[in-house]
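Since the structure comes first, as structure tokens, the remarks are kept for the end.
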Number of protein chains: 2
Amino acid sequence: MDIREIARRAKVSTATVSRAINRVPTVDPQLSRRVWKVVDELGYYPNTQARALVSGRSRIFGLIVSEITNPFFPEIVQTFENLAVENNYEILLTSTVHDPKRMESSVRRMIERRVDGVAILTFGMEESLLEHLRFRKVPLVFVDVGPDAPHIANIRIDYQNGIRQAVQHLAALRHSRIAFIAGPHHLKSAMARRSAFQHAMAEIGLPSTLIVEGDHTLEGGMRALNELIGMRRKQPTAILCSNDMTAIGVIREAYDHEIKIPSDLSIIGFDDIRLAQFTTPPLTTVQMSQVELARLAFQALMDETERPSLANRGSEYTLVTSLILRRSTALASSP
Amino acid sequence: MDIREIARRAKVSTATVSRAINRVPTVDPQLSRRVWKVVDELGYYPNTQARALVSGRSRIFGLIVSEITNPFFPEIVQTFENLAVENNYEILLTSTVHDPKRMESSVRRMIERRVDGVAILTFGMEESLLEHLRFRKVPLVFVDVGPDAPHIANIRIDYQNGIRQAVQHLAALRHSRIAFIAGPHHLKSAMARRSAFQHAMAEIGLPSTLIVEGDHTLEGGMRALNELIGMRRKQPTAILCSNDMTAIGVIREAYDHEIKIPSDLSIIGFDDIRLAQFTTPPLTTVQMSQVELARLAFQALMDETERPSLANRGSEYTLVTSLILRRSTALASSP
DNA sequence: TCGAGTTAGGTAAACGTTTGCAGCCCCGGG
DNA sequence: CCCGGGGCTGCAAACGTTTACCTAACTCGA
């Protein structure tokens, strides 16, 4: 069932049907009603691919995340989808699971479907791949790590703010041996958190010597706690974790060691994923709002897409982080 | 950059380019090489919408889930996507968040994009909406609740098996006061679990009187445990939960009441989401493999789509459930 | 050498829209 | 009464592919 079928039955031209459907204001209300009546009767739905073909805009945004099964992402995907629906966009989701092959196929698929823009919420995307997208002038949004170029928007995250609050909060609770469980080296975002920690510690005159490597997973958190416990002399009284999953792993492992949280050990996470509200005890953490992140990314894409003339020197957005107090921190036990 | 551009440069017709790209075997290897050379040089990517328009197949599958933020779903989405990539399909994901408006827009979008099939992993989709899809003969896959009709495949879940195992396991541990925290009434899948429980209890001659209402959320589990604790005389020594999130809520609430799990109270969940491995203690639960579920759904869609002739009396698939023993169950404490 | 049969590659129509352009009608002013 | 102009509507081209059909060339046996 075509637009032509509709035209025939409503006794108008296809042009008029098209205009009526797209609510072009110049079309006579009476004609418009006639068209819509037929449309409803027949249950006609425009064919998006034909539309995209001629208009040159697919109304699809690509969204590349590193792992949809990582609890950090579903909230983002949901928000992104909400916005897409509101604005009549579709979203093409790919979860690369850190696999270079998948990243490549992901980019290829986005190009083949002629997406109007791509938000990249994963890291370790090779430069050569991005070149394909940039070559086609596809608007891009990066988080944290993007190059500074036309048609590329960047969302910068102010790690400093939240992490400083976290460190100061611990210091106010008289903690001085504060450890940091870092994320993997290859993640720029993890490195940024780490240096924000070092910076904040330095600010209040504390040494940041207690840093161990984690990998942003629950298991990594468990391992890291064991490593920290092994340090006989200078065991920490508080731990700041590079993300919430790590913190959840620490809490879980602490339970097995009969270390009471927060009385024996204070824990602070990072991200504020939903699950952080449901640990025992509920996790004090640095919030990096996933909803806000998704909003910014979507907005950036819209800005770039809907008015391509202006702002061709990729714009910048900033997401601030801040401490959320729950119940996983307490006064340091006397040494 | 077109297929025509490629044709011009490779000095062949567009038909040949098309055939070469699609690896039609009759095309001369030498010509094919010439075409591919140009394709690679120019970084040409076929336009999927033009292709879809003429071929009548979009190579897009719709996937409707109820809430991507529910930890049950990401694993499914990931598996579905993996399969899609392998088979050169795209997936159009929508998360309805139980909102009828969203369900409607979801179906509309699927039709407008001319998806080749839809897997429906949500419940409470109105019949009238589905009618739109069925009217267009879009292949459909349902889980649990689908109508029996042409072009509609159903995945049945054998709740009995796993739940019987769970109940028998508890009985073997000398539990007799076994409670069940049910899911919401409006979910057929929740009702099926509930009656499977009743059935299994009856089989071993136990009354299933201890049933309280949950809502498949963590908070619901917390509330339900309190309700159960309130029952002075006949407090359960074991609880079977309608899903894992409920069980996690129970564990969390038990901790606050200083009820030791499993020594004071045994808990069994349902679904075996990944998180179930990381509770304290790790959760014994009935596995309903999300990977397998996604596989079946995808396979059903492929079967229905790729060979439309046969199997026009919608096929049936069955997913079995089975008990996974971890550490949240123990011998009943002497009464 | 010739003709039938096979095969590779080209021509052009078709897919379902949007949109630039042209034409028609109607209104109002000179 | 005539003419200019503005507002709607329709005509037809274009978007980038696939594919049915046709043609030309080649193979091979008689």
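To find a chain, count down the sequence lines: A is the first, B the second, and so on, and within it residues start at 1.
When the salt bridge (charged side-chain N to carboxylate O under 4.0 Å, His left out) test is applied to B:E5, the partners found at least two apart in sequence or on another chain are B:R8, B:R9. Judged as a ring pair (Phe, Tyr, Trp, His ring centres under 6.0 Å), and not counting sequence neighbours, the contacts of B:F61 are B:Y89, B:F298. For the salt bridge (charged side-chain N to carboxylate O under 4.0 Å, His left out) test, no residue two or more places apart in sequence or in another chain qualifies with B:E75. For B:R114, there are no salt bridge (charged side-chain N to carboxylate O under 4.0 Å, His left out) partners, not counting sequence neighbours. Considering only residues two or more places apart in sequence or on other chains, B:S106 meets the side chain to side chain donor-acceptor pair (under 3.5 Å) condition with B:T94. With sequence neighbours excluded, the residues satisfying side chain to side chain donor-acceptor pair (under 3.5 Å) with B:S13 are B:T16. Applying the salt bridge (charged side-chain N to carboxylate O under 4.0 Å, His left out) rule to A:R19 yields no partners; only residues at least two apart in sequence or on another chain are considered.
Residue pairs that meet the salt bridge (Lys or Arg N to Asp or Glu O under 4.0 Å) test with at least one member in residues 53-63 of chain A, sequence neighbours left out, are A:R57-A:D116, A:R57-A:E306.
To the nearest angstrom, P of C:dG10 lies 15 Å from CZ of B:R8. Distance, B:R57 CZ to D:dT17 P: 19 Å, rounded to whole Å. Rounded to whole angstrom, the span from the NZ atom of A:K11 across to the P atom of D:dG10 amounts to 12 Å.
The backbone N or O of B:A50 lies less than 3.5 Å from a partner atom in the side chain of B:N47, making a donor-acceptor pair.
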Atom pairs under 3.5 Å, N or O on each side, protein against nucleotides 5-9 of chain D: can you list them with distances?
residue : atom : partner : partner atom : Å
D:dC8   : O5'  : A:T26   : O            : 3.2
D:dT9   : OP2  : A:D28   : N            : 3.0

Within the sub-3.5 Å range, which N or O atoms of nucleotides 14-17 of chain C have a protein N or O partner, and how far apart are they?
residue : atom : partner : partner atom : Å
C:dT17  : OP1  : A:Y44   : OH           : 2.8
C:dT17  : OP1  : A:N47   : N            : 3.3
C:dT17  : OP2  : A:I3    : N            : 2.6
C:dT17  : O5'  : A:Y44   : OH           : 3.1

In residues 38-45 of chain A, what donor-acceptor pairs under 3.5 Å come from side-chain atoms, sequence neighbours left out?
residue : atom : partner : partner atom : Å
A:E41   : OE2  : A:K37   : NZ           : 3.3
A:Y45   : OH   : B:H132  : ND1          : 3.1

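Between the axis at the start and the axis at the end of the helix from C:dT1-D:dA30 to C:dG30-D:dC1 there is an angle of 50°, using five pairs per end and rounding to 10 degrees.
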